[in-house]
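Here is the structure we will look at, set down as structure tokens.
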Amino acid sequence: MSVLARPLSLRSGLTLPNRIAKAAMSETMATPGGEPSPELEVLYRRLARGGAGLFITGNVMVEPGGAGEPGNVLVRPRKGPPLEAFRRWAAAAASGPGVAFVQLNHAGRQSPRSVNGAPVAPSAVPLRLGGMFVAPRALTGEEISALVGHFAGAARLAQEAGFSGVQLHAAHGYLFSQFLSPLTNLRTDAWGGPLENRMRFLVESLRAVRRAVGPRFAVSVKLNSSDFLRGGFGDEEATVVARTLDQEGVELLEISGGTYERPAMFVAPRDSTREREAHFLDYARQIRGAVGCPLMLTGGLRTPRVIEEVLLEGSADVVGLARPIALEPDLPMQILAGRTRASAATPPSGRLAVLAAATEGGWYHEQLHRMGRGLEPDAKLSRVRTLMSAARTMWRRAEGG
Ligand SMILES: Cc1cc2nc3c(=O)[nH]c(=O)nc-3n(C[C@H](O)[C@H](O)[C@H](O)COP(=O)(O)O)c2cc1C
């Protein structure tokens, strides 16, 4: 049996039927009230047929103030959860051979002014990206404790809805990342300062989630191997955090990297990694040496040859594919059957790569939206047109339209 087709059992008792995961992709397809929409159900029924062993949903925000984009699914703690809509979503995601996790997130300061005019963060450190982001306010200690509770509540909701697990999004510059980074966490209380304090919010949330869901429900974390910012959260600290999460019982640790300021998740951070596809393979190897829990590696993987090599050498136990699945939802099945040599989703490269990365999100969102409308993805879709339409939507919202 190919290494790709081998099932993987997690500590909670859950078994992934194979080693290919659909990594989280924010769908931006919630109802105006922030509930999972019928389109999300249609999308996940389509994706589920593609044969991945694990489906991780796009980020679901644990409270409305944590939204990062228009159309995020939101958990509204006081109103009581919209359980039925989550149930239908969970059933759709698990309608194929794979199991499904909900990714839980809070955007913190990484939420554009058109979405959040009063964002919160560990400290009042603004995100300077073309005037798109309002300077955040620093959270109080009480608010941080409340947020820990929101992550636990959202995990419980995912469990009641029938998902098999949750993933805490501690990568890509969102709130957990902001706490981890010494550039954005300038606090002098128990939540800031030495790494032990900067990781407290993540560790406390992980513990609270585990308490809320019990031992038979999978809990995963997506962690940056590095933010790739000078003086920021880097690979040595990431290894220490990974070791702590392992000791705290995390069952599947996904390795990624980058933030809005340095989008290494979309564009390889170094030439050598671009040549070799897997953006964060060196980091996964380093973390592999420090932890015993299963690792998932996501970012840039495109060919069955490299995917198999990564699994065979043991640097990761599961590989995550995002853009390739948005473009070719049946790719996992084709890889497992040995029927494809490479994904058609080519990551941006060359001197204009970072510029091209700006169009990546919108273009792939549009592919997900097409599937939500019952259509197939369209590789010929104009990138410029999708960028302009996304910009128009943002502008209209900023103007209050
Ligand atoms: C449209 C889109 C939305 C994304 N949304 C999320 C998200 O909600 N949570 C997350 O952890 N990563 C998100 N990502 C990043 C992917 O999970 C993945 O880390 C990244 O695309 C690199 O993997 P790939 O080369 O296989 O695409 C998103 C990527 C795309 C293209």
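First listed ligand is number 1; within each ligand, the first listed atom is number 1. These numbers come from a predicted model, not from an experiment.
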Exercise for the section: May I ask you to list the atoms of ligand 1 that are less than 4.0 angstrom from any heavy atom of G361? Expected result: 1 (C)
Completion exercise
Looking only at protein heavy atoms, what sits closest to atom 9 (N) of ligand 1 is Q103 OE1, 2.7 Å
Exercise for the section: Name the closest protein heavy atom to atom 14 (N) of ligand 1, giving the residue it belongs to and the distance to 0.1 Å. Expected result: A24 O, 3.2 Å
Exercise for the section: Evaluate whether atom CZ of R373 has more than 12 neighbouring non-hydrogen atoms of other residues, nucleotides or ligands under 6.0 angstrom away. Expected result: yes
Exercise for the section: Answer side chain, backbone, both or neither: which part of H279 comes under 4.0 Å from ligand 1, heavy atoms only. Expected result: neither
Handout entry: Residues in side-chain hydrogen bond (donor to acceptor under 3.5 Å, both in side chains) contact with E328, at least two apart in sequence or another chain
Key = none
Exercise for the section: Compute the minimum heavy-atom distance from G299 to ligand 1 and say whether it is under 4.0 Å. Expected result: yes
Handout entry: For atom 5 (N) of ligand 1, closest protein heavy-atom neighbour
Key = S26 N, 2.8 Å
Handout entry: Step-by-step salt bridge (Lys or Arg N to Asp or Glu O under 4.0 Å) determination, R323 to E360
Key = CA-CA 9 Å; R323 290 165 290 181; E360 285 286 277; 2.6 Å; yes
Practice task
Have a look at M61, K222, H169, M265 and point out the one with the heavy atom closest to atom 22 (C) of ligand 1.
Solution key: M265
Handout entry: Geometric class of the F179/W191 ring pair [parallel <30°, tilted 30-60°, perpendicular >60°]
Key = perpendicular
Problem - Side chains of T57 and Q103, donor plus acceptor under 3.5 Å - result: no
Exercise for the section: Say whether Q167 and ligand 1 are in contact under the criterion: heavy-atom distance to a ligand atom below 4.0 Å. Expected result: no
Completion exercise
A student checking ligand 1 against R302 at a 4.0 Å heavy-atom cut-off should list atoms 24 (P), 25 (O), 26 (O), 27 (O)
Problem - E196 CD: over 12 foreign heavy atoms closer than 6.0 Å - result: no
Practice task
List the steps and the verdict of salt bridge (Lys or Arg N to Asp or Glu O under 4.0 Å) for E237 and R198.
Solution key: CA-CA 10 Å; E237 290 199 330; R198 281 182 277 126; 2.9 Å; yes
Practice task
Could you verify whether a donor N or O on one side chain and an acceptor N or O on the other, from E27 and Y44, lie under 3.5 Å apart?
Solution key: yes
Handout entry: Identity and separation of the nearest protein heavy atom to atom 2 (C) of ligand 1
Key = M25 CG, 3.7 Å
Handout entry: Residue portion contacting ligand 1 (non-hydrogen atoms closer than 4.0 Å) for L321
Key = backbone
Exercise for the section: Determine whether T239 and E236 make a side-chain contact, defined as any pair of heavy atoms from C-beta on separated by less than 4.5 Å. Expected result: no
Problem - Geometric class of the Y283/F280 ring pair [parallel <30°, tilted 30-60°, perpendicular >60°] - result: tilted
Handout entry: atom 26 (O) of ligand 1: the protein heavy-atom neighbour that sits closest, reported with distance to 0.1 Å
Key = A322 N, 2.9 Å
Exercise for the section: Could you tell me which atoms of ligand 1, counted from 1 in the order shown, lie closer than 4.0 angstrom to a heavy atom of T298? Expected result: 18 (C), 19 (O), 23 (O)
Practice task
Take D317 and R288 through the salt bridge (Lys or Arg N to Asp or Glu O under 4.0 Å) test and state the conclusion after the steps.
Solution key: CA-CA 10 Å; D317 306 280; R288 171 80 296 161; 2.9 Å; yes
Exercise for the section: Determine, considering heavy atoms only, which of E360, K22, R323 sits nearest to atom 25 (O) of ligand 1. Expected result: R323
Handout entry: For P324, the ligand 1 atoms whose distance to one of its heavy atoms is below 4.0 Å
Key = 26 (O)
Completion exercise
For A23, the atoms of ligand 1 under 4.0 Å from one of its heavy atoms are 17 (O)
Handout entry: Min heavy-atom dist F266 to ligand 1 below 4.0 Å
Key = yes
Practice task
Just jot down the ligand 1 atoms closer than 4.0 angstrom to any heavy atom of G300, in number order.
Solution key: 24 (P), 25 (O)
